[in-house]
Amino acid sequence: MTYNFNEIEKKWQDFWAKNQTFKAKNDSEKPKYYVLDMFPYPSGAGLHVGHPLGYIASDIYARYKRHKGYNVLHPQGYDSFGLPAEQYAIQTGQHPAITTEENIKTYRRQLDQIGFSFDWSREVRTSDPSYYKWTQWIFIQLFESWYCKHTDKALPISELIEVFSKEGNQAVEAVCDDHVEIFSASDWNAFSSEKQQEILLKYRLTYLAETEVNWCPALGTVLANDEIVNGVSERGGHAVVRKKMTQWSMRISAYAERLLQGLNDIDWTDSLKESQRNWIGKSIGASVTFPVIANEAQQSQRIEVFTTRPDTIFGVSFMTLAPEHDLVSKIVTDDQKEEVEAYIKSTAKRSERDRMSDVKTITGAFTGAYAEHPFSKEPIPIWIGDYVLAGYGTGAVMSVPSGDQRDYDFAKHFNIPIPNIFEGIDISEEAYASKDNVVIANSDFLNGLALKEATKKVISELEKLGQGQGKINYRLRDAVFSRQRYWGEPFPVYYVNGMPQMIDKKHLPIRLPEVEKYLPTETGEPPLGRADVWAWDTKKGEVVKNENIDNVNVFPLELNTMPGWAGSSWYFFRYMDAQNDEVFASEEALAYWKDVDLYIGGSEHATGHLLYSRFWVKFLKDRGFVSVEEPFKKLINQGMILGTSAFVYRVVANSESEETERIYTDFIVSRKYSELILSDSGVAEKLKQQIRDYYIDEKKDEYFSKPFIIEISPLHVKVDYVNTSDELNIEGLRADKEFGKDFRDAIFIGENGHIIEGDNDLYKVGHEVEKMSKSKLNVVNPDTICEQYGADSLRMYEMFLGPLEQAKPWNTAGISGVHGFLKKLWKLYMGDSGLKVSNVEPTAESLKTLHKTIKKVEEDIESFSFNTSVSTFMIAVNELTAQKCNSKEILEPLLILLSPYAPHIAEELWSQLGHKESIATTAFPKFEAKYLVESSKMYPISFNGKAKFTMELPMDMSKDDIEKEVMAHEKTIAQLDGRTPKKVIVVPGKIVNVVG
RNA sequence: GCUCAAGUGGCGGAAUUGGUAGACGCGCUGGAUUCAAAAUCCAGUUCUUCGGAGUGCGGGUUCGAUUCCCGCCUUGAGUACCA
């Protein structure tokens with residue numbers, strides 16, 4: 001009987017599905033364990049071998065935990081709202097729901113064929129109304145909450161309204177918009193409803209406000225900070241500009257400190273925690289107010305700045321405002337007006353990207369106005385400059401050129417004085433930005449103080465003046481929550497007199513309306529502006545036709561949709577109770593499953609999904625909907641699997657006289673030959689002649705008759721046409737549907753310089769390790785691998801490649817190793833005539849092999865070192881084969897060890913051994929140390945730390961006896977060559993080292 | 001610039017309470033089997049001037065360092081005028 005993996009794998013996948021082997025129970029006596037993979041977005045391209053890496057690792061762990069007696073929740077679903085499906089819809093007119101459905105089918109088929117132990121009865125899709133009903137519900141909860149600083153948690157907005165109506169807002173300590181007006185209870189009660197709603201928006205955890213946003217014209221939508229990479233959109237790489245728009249925002253800044261502190265209690269990698277810490281960006285300093293010196297035409301104004309170095313306040317020689325700062329237009333003098341306006345115009349034109357890529361050019365303008373120094377009362381010129389960001393702090397800085405390099409450069413450029421306030425520090429070349437060895441000078445009452453004391457002193461003096469206090473600032477900004485797109489969750493919001501109103505929870509879900517096109521309207525409204533049935537009837541409690549809008553009972557609905565991270569910020573709770581229609585998950589389910597014990601996914605979600613999820617969970621906890629503070633107890637980032645790209649080398653002729661005149665020839669040379677051409681002029685001449693001869697009858701002949709230089713242009717080719725020896729399948733390449741036509745006329749020159757006709761020469765490709773992607777033509781499809789080697793081989797090979805967290809290149813050739821191992825394993829159990837396993841007593845040797853394997857595999861799984869257990873299995877099978885072991889007592893437990901890694905073959909052999917039940921919940925074998933006890937040890941004998949030979953000595957031999965034995969050994973005498981050793985180190989059970 | 005991670009054969013990688021560096025696999029070489037091929041099996045495979053040398057480089061601690069300490073270099077990832 002041979003190992004027919006295709007048949008076996010299909011058989012067991014069907015068995016698991018039919019018997020619901022992996023269905024998790026919500027009421028179990030067993031301890032719970034929740035293993036989760038990051039939500040996949042079902043893209044049209046399907047899976048490549050890089051995608052399942054994390055899924056395989058989590059599946060191994062989930063299966064292992066079942067063997068260890070846990071009730072395991074291991075679900076899967078789809079983050080199915082998103083940009084790619086919508087972009088495709090725009091191009092083809094196809095409804096995104098249809099493409100999404102098709103893509104999900106492909107994903108499901110691909111996932112199934114790898115043999116994952118998912119509980120599919122709990123599948124969720126973010127684009128499913130029964131799911132986004134609860135996303136909308138959470139949004140409403142956020143709207144109906146505010147953040148109380150006093151209790152440090154979110155509270156219902158009704159409690160805030162009660163306080164307002166009883167005592168106004170003077171005593172309220174809330175996280176809210178800056179500059180909220182102070183009012184009394186009687187003021188509040190006298191306000192109109194609109195006014196009250198306007199005020200409440202400044203307190204709500206999700207609020208509508210005009211904010212400066214990142215607008216991406218190409219995608220027609222705003223983007224959150226984490227959706228922008230290097231100044232361009234993460235998806236598609238389009239330009240992003242700054243724009244003021246009215247948008248929904250999430251007051252995540254309220255949770256900055258808790259998000260930061262919570263990192264200390266979770267088991268995540270340091271690098272991931274570090275990125276979140278940087279993203280939150282806590283800095284401790286002071287806020288300082290500088291009055292603007294008023295001239296007769298202007299009202300008195302104040303500039304508030306944030307600084308981390310209040311101790312350097314006497315070093316301030318100018319102030320700088322961001323060009324967008326509100327105050328600029330109010331303080332600019334008539335003389336400077338023209339210059340300032342011109343400067344603002346020129347900076348507004350620069351995109352975010354330009355501004356970032358060009359940090360060296362110093363630009364700015366003087367406003368003509370002056371501020372007054374809090375202590376010296378000296379006038380300080382106020383400048384504007386785009387090195388000051390409107391979005392950070394207050395958008396204004398007190399510039400201390402002696403202590404900050406950017407201020408220093410700005411001052412040098414505009415000839416502003418640079419007063420030195422550091423004792424014994426030379427600042428003639430650069431600023432002294434270090435916080436070490438600071439002694440303040442030329443600073444009145446701060447003279448002679450070190451940083452810490454000076455900071456303390458200056459803050460207390462500022463407080464006395466009422467011009468400042470200690471302050472903590474966070475870089476974390478409130479997150480923009482509106483997207484001007486179609487394929488996302490609709491907001492459960494309608495507008496009365498321009499004020500947003502929540503639709504009552506009982507009417508949820510508010511379903512996405514139909515539109516005829518997925519583009520913005522002609523007037524620039526989002527795609528939902530095209531819907532005809534998109535108005536809210538408050539009487540009927542349903543969505544009705546727009547024509548019914550009367551602004552009395554029927555009102556317009558919100559036209560924006562929610563961003564991709566809305567649905568993914570809470571999905572892990574839905575898996576606990578996926579079918580519930582009454583609540584997002586029942587109390588019992590939430591109480592049983594609590595949180596995710598193990599979360600595996602990519603590090604690209606560090607500052608997006610993983611931060612937003614933590615924020616929503618903290619909020620849900622504050623409001624009593626869940627009991628956990630953090631969603632993901634342990635998190636592992638799997639490393640990327642890189643692709644091995646293949647290159648052919650096209651010959652390019654470049655005119656000797658005019659360097660820009662390049663012609664791509666039809667000649668494509670092999671790897672080795674391409675190097676030869678560049679290094680050996682003789683070979684190059686020969687090729688030139690071949691090219692001239694070839695084009696002799698063509699128009700290009702004229703070009704090639706003149707002298708030209710040969711260059712080589714590497715070109716990606718599909719890795720599908722390259723075999724394990726790097727040889728290119730030329731005929732296959734020419735027949736390729738997509739790229740074949742590019743090579744139909746190509747002339748291939750092989751390794752030995754011959755034009756390839758038949759098998760007279762070989763064409764070899766070059767290769768390079770790059771990210772696996774469609775555009776680099778280096779994707780390897782798991783379907784092909786499963787077909788040729790089987791899912792078990794794929795699973796084991798993905799693990800065998802290297803440590804889970806590290807990036808590593810894929811090389812299909814290497815899979816023969818693990819595939820050969822599985823065949824060898826099969827042969828250990830199955831002979832030509834069937835099962836070879838019997839009830840014979842195992843040998844001590846076999847028991848030792850088994851137990852050291854149990855020990856190692858268990859340790860490896862616990863430490864997520866899956867690559868080393870694959871080696872361990874190989875060693876075990878090699879040893880047992882050599883021992884000719886066919887004892888059931890050995891081979892049966894071995895299958896349980898293997899089953900998390902290669903579940904199909906394990907199930908098959910398990911049933912061959914006579915079991916009727918699945919191997920999935922069989923108890924993990926128990927390691928027994930007694931089988932590993934050794935009576936002797938092969939001691940390595942070292943001389944000055946270098947091992948020279950080994951000696952077998954009893955384990956229980958004393959140190960002295962070992963030394964005597966070693967010294968008496970003939971090889972020792974030969975090594976020493978008559979010398980007397982200074983010292984002999986004997987470490988029993990380890991090593992002997994002879995020194996001297 | 002800052003933060004984090006990582007540098008070991010031709011390749012993926014193994015070994016860290018400091019104790020025989022290169023497990024396991026790929027590839028390669030030779031052999032067996034075969035008419036031949038595939039498959040399978042066996043042997044070898046860090047370099048070497050055969051003394052030794054050797055885990056990115058230079059120091060240090062130690063009887064002994066891939067492992068610990070100090071200083072550099074390189075690569076990758078993230079972040080970036082954050083006051």
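Order of the sequence lines fixes the chain letters, A, B, ..., with proteins taken first and strands second; residue numbering starts at 1 for each chain.
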Protein N or O to nucleotides 7-10 of chain B N or O, pairs below 3.5 Å:
none

Residue matched to B/rA14 through Watson-Crick or wobble contacts both under 3.5 angstrom: none

Take atom NZ in A/K852; do more than 12 heavy atoms of anything else shown fall under 6.0 Å from it? yes

Using the side-chain heavy atoms of A/L389, tell me which of these nucleotides is nearest: B/rC26, B/rA14, B/rA83. B/rA83

Opposite nucleotide pairing with B/rC28, Watson-Crick or G-U, both atom distances under 3.5 Å: B/rG44

Could you classify B/rG51 for me, syn or anti, using a glycosidic angle within 90° of 0 as syn? syn

Just name whichever nucleotide pairs with B/rC81, Watson-Crick or G-U, keeping both distances under 3.5 Å, else none. none

For A/S871, report the nucleic acid contact type (base, sugar-phosphate, nothing); a contact means any heavy atom under 4.0 Å. base

Using a cut-off of 4.0 Å on non-hydrogen atoms, how would the nucleic acid contact of A/N878 be classed: base, sugar-phosphate, or nothing? sugar-phosphate

Summarise protein proximity over nucleotides 43-69 of chain B in one line of letters, 5' to 3': B for base, S for sugar-phosphate only, - for none, counting protein heavy atoms closer than 4.0 Å. -----------B--------BS-----

Tell me which nucleotide, if any, is Watson-Crick or G-U wobble paired with B/rG71 when both distances must be under 3.5 Å. B/rC57

Nearest-nucleotide check on RNA chain B, A/K937 vs A/G802; residue mapping nearer the 5' end is A/G802

Assign A/N867 to base, sugar-phosphate, or nothing according to its heavy-atom contacts below 4.0 angstrom with the strands shown. sugar-phosphate

Considering Watson-Crick and G-U wobble pairs with both distances under 3.5 Å, what does B/rC4 pair with? B/rG76

Measuring from the side chain of A/R475 (C-beta onward, heavy atoms only), which nucleotide among B/rG12, B/rA23, B/rU79 has the closest atom? B/rU79

Over 12 foreign heavy atoms within 6.0 Å of NZ, A/K836: yes

G-U wobble or Watson-Crick pairing nucleotide for B/rC35 (cut-off 3.5 Å, both distances): none

Please state the P separation for the pair B/rA15 and B/rU34 - nearest whole angstrom. 42 Å

Which one is paired to B/rG19, where only Watson-Crick or G-U wobble pairs with both distances under 3.5 angstrom count? B/rC63

Charged tip of A/R614 within 45° of A/W268 ring normal and under 6.0 Å: yes

A/N637 and its side-chain contact (heavy atoms from CB on, under 4.5 Å) partner, picked from A/L272, A/L804, A/I600: A/L272

Nearest-nucleotide check on RNA chain B, A/S865 vs A/N811; residue mapping nearer the 5' end is A/S865

Do the two ring centres, one from A/Y797 and one from A/W810, sit under 6.0 Å apart? yes

Heavy-atom neighbours of A/N264 CG exceed 12 at 6.0 Å: yes

Hey, does the side chain of A/D311 reach the backbone of A/A454 with a donor-acceptor pair shorter than 3.5 angstrom? no

Note: contacts of residues 815-825 of chain A with RNA chain B (heavy atom, under 4.0 Å) are A/S816, A/G817, A/K823

For atom P, what is the distance between B/rU55 and B/rG60, given to the nearest Å? 15 Å

Below 30° counts as parallel, above 60° as perpendicular, anything between as tilted: where do the rings of A/F949 and A/F943 land? tilted

Answer syn or anti for B/rG56, where the cut-off is 90° from 0 on the glycosidic torsion. anti

Give A/T307 one of three labels, base, sugar-phosphate or nothing, depending on what nucleic acid heavy atoms sit under 4.0 Å from its own. sugar-phosphate

B/rC4, OP1 or OP2 - any side-chain N/O from A/S275 closer than 4.0 Å? no

Would you call the rings of A/F866 and A/F864 parallel, tilted or perpendicular, where under 30° means parallel and over 60° means perpendicular? perpendicular

Which nucleotide in the set B/rG19, B/rU3, B/rC81 lies at the smallest distance from any side-chain heavy atom of A/I991? B/rG19

State yes or no: are the ring centers of A/F5 and A/Y789 separated by less than 6.0 Å? no

Distance between the P atoms of B/rC42 and B/rG59, in whole angstroms? 46 Å

At under 4.0 Å between heavy atoms, what does A/A606 touch on the DNA or RNA strands: base, sugar-phosphate, or nothing? nothing

Look at A/E859 together with A/K856 and state whether they make a salt bridge at an N to O cut-off of under 4.0 Å. no

Quick one: do A/K282 and A/E257 make a salt bridge, cutoff under 4.0 Å? yes

Side-chain atoms of A/W279 come closest, of B/rC24, B/rC81, B/rA80, to B/rA80

Of the listed B/rG12, B/rG25, B/rU3, the closest approach to the A/E274 side chain comes from B/rU3

